[in-house]
There are 2 protein chains.
Amino acid sequence: MLISVEKTEIFESLSSPQFATLIKKGQQIILQPKSILFHQDDLAERCFMVNRGRLKLTMLSEQGKEVILRYLSSGELAAAIAVLRNQTYPVTAECVDETEVIGWDKPTIVALMHQYPAIAINLLGIVFDRIDDLQHRYLEMCSEHVNQRIARSLLRLMRRAGIKTPEGIHIDIPLSRQNIADYCGTTLSTVSRTLSIWEKKDWIKSGREKIIIKDPHALVLFAEGV
Amino acid sequence: MLISVEKTEIFESLSSPQFATLIKKGQQIILQPKSILFHQDDLAERCFMVNRGRLKLTMLSEQGKEVILRYLSSGELAAAIAVLRNQTYPVTAECVDETEVIGWDKPTIVALMHQYPAIAINLLGIVFDRIDDLQHRYLEMCSEHVNQRIARSLLRLMRRAGIKTPEGIHIDIPLSRQNIADYCGTTLSTVSRTLSIWEKKDWIKSGREKIIIKDPHALVLFAEGV
DNA sequence: CGCTCTATTGATAAACCTCAAATACAGTGG
DNA sequence: CCACTGTATTTGAGGTTTATCAATAGAGCG
């Protein structure tokens, strides 16, 4: 298995032999695009680390509207805290590309945490980032207009999955207008209209499920209401 | 100090002597209503447990709009994860009533976590609840109409701070229309209008900074879009 | 009783969604 | 290489929701 300590967020302060033990105790799973790793309201029996590919984490409202919470890439964890509780987890994890994950069941991960307290403490750091991200997005949802939120969403996705190209920074996730709408709580039409305007201003370049950001600075200013 | 293990969320699986040690290592602080325990973008140098009274956790948007993240009551923790990172924490904690907290500085809390791994693991459980709450509210913000969100907010506050009275369930937090608006991302006028309607339907009874819920079931049905 | 803070309510405007039709694009099989 | 098919995207018209502004009424306090 091609897993390095460096690319993981959870095992930062562990030694290599400790890390090897952890991976050995987990189970490798390979999934096809669009398959579901775990489903909303499943009992959280295992937690996972993405090793290759990407997961899309979503929630479904009672009216059936899908909301995207986050995209996870290599080294990131899913259901890591949920597994510690004997509860269901109201989130669905769907593969965007072909995706490889390592899974640990509850007894294993709990035992590992007791054996290496650093894991739990690292996990707290990771969770802090999640809360921070969620709180900021919650703040934006409460206080900003749709197209500001779209700008911030593109910038956020760019920071997490951006690849430099001659044309600009390419967001390396297949993102439809609908996906962007689900990510920032609006509709396909509104996203499409907004992106059209920005494309005319040469701030972005977009295609079918593809976004390239040509002028991040303009988007930042726009998001800040300038 | 009047602190019991039972009423705290963090120290659940600790023995009483262990618990006593923890409290002894902390610092007791008593604050007047409206005073600020920590301010948005302060460096998180201590974490706190509320022992008496209530804290209001808020964030401020770039345009100056206040958003209420949560009200904390006895036994709940503030800045508990932020303190583990050497970072600022974008949240303000303001006292609603006269409030007593216990504070621990970073070296102390880190040492305690290494000494008693159960603390870090309990903390993960608490943090899970926070994330769960935030995710649900984020979902609601993304997918529901204002008055559905107001209904859910009242129900949520009722569950966390409700007191049974002959008239109905009283939310034991001084809540102005503006507070409710800040809690669910809308405006004072909209909240006032909505509550007026519900008062006429006899679902609630409200006064100056006071809400009594007379028919929770009606609100639940309304929130679910029935 | 007057002062201040909170709440109510109306009128108006802006933001945004919904619905719908047309167009562009990628992949497939002939 | 081209037509075909299923998505994805664009764009318009119209309506709903909700914010904004503003003026009035009510509650609590010294």
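As the structure is a computational prediction, the values presented were derived from the model and not from experiment. Chain letters run A, B, ... following the sequence lines, proteins first, then strands; residues in each count from 1.
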Please report the distance, rounded to the nearest Å, between NZ in B:Lys210 and C1' in D:dG26. 14 Å
Looking only at the side chains, is there a donor atom on one of B:Ser189 and B:Ser192 sitting less than 3.5 Å from an acceptor on the other? no
Salt-bridge criterion met for B:Arg70 and B:Glu76 (N-O under 4.0 Å): yes
So A:Ser189, base contact, sugar-phosphate only, or nothing? Heavy-atom distance under 4.0 Å. base
Quick one: B:Gln148 CD to D:dT16 C1', roughly how many Å, whole number? 14 Å
Residue met sooner reading DNA chain D from 5', once A:Leu188 and B:Arg193 are mapped to nucleotides: A:Leu188
Distance, rounded to the nearest Å, where A:Lys205 contributes NZ and D:dT9 contributes P: 14 Å
So A:Phe38 and A:Tyr89, would you call those rings parallel, tilted or perpendicular, with 30° and 60° as cut-offs? tilted
Can you find a side-chain donor-acceptor pair between B:Glu199 and B:Ser206 that sits under 3.5 Å? yes
Using whole Å, what does the distance between atom C1' of nucleotide D:dA19 and atom CE of A:Met141 come to? 15 Å
Any side-chain heavy atom of A:Lys65 sitting closer than 4.5 Å to one from A:Leu60? no
Looking only at side-chain N and O atoms, does B:Thr190 come under 4.0 Å of OP1 or OP2 in D:dT18? no
Rounded distance in Å - CD (A:Glu199) to C1' (D:dT10): 11 Å
Please work out if B:Ser176 contacts a base, only the sugar-phosphate, or nothing of the nucleic acid, heavy-atom cut-off 4.0 Å. sugar-phosphate
Would B:Trp104 and B:Phe48 count as a close aromatic pair, with their ring centres under 6.0 Å? no
Sugar-phosphate only, base, or nothing, as touched by B:Ser192 at under 4.0 Å among non-hydrogen atoms: base
With B:Glu140, which of B:Gln135, B:His145, B:Arg156 fulfils side-chain hydrogen bond (donor to acceptor under 3.5 Å, both in side chains)? B:Arg156
Could you check A:Ile204, A:Ile150, A:Thr186, A:Leu154 and say which one makes a side chain to side chain contact (heavy atoms under 4.5 Å, CB included) with A:Thr194? A:Ile150
Is the shortest side-chain N/O distance from A:Ser196 to OP1 or OP2 of D:dT9 below 4.0 Å? no
Please work out if B:Leu195 contacts a base, only the sugar-phosphate, or nothing of the nucleic acid, heavy-atom cut-off 4.0 Å. nothing
At a 4.0 Å cut-off to heavy atoms of chain A, the contacted part of DNA chain C spans C:dC16 to C:dA26
For A:Tyr183, is the NZ or CZ atom of A:Arg137 found under 6.0 angstrom from the centre of its six-membered ring and inside 45 degrees of the ring axis? yes
In B/S/- notation (B base, S sugar-phosphate only, - none; protein heavy atoms under 4.0 Å), nucleotides 1-6 of chain D written 5' to 3' is -----B
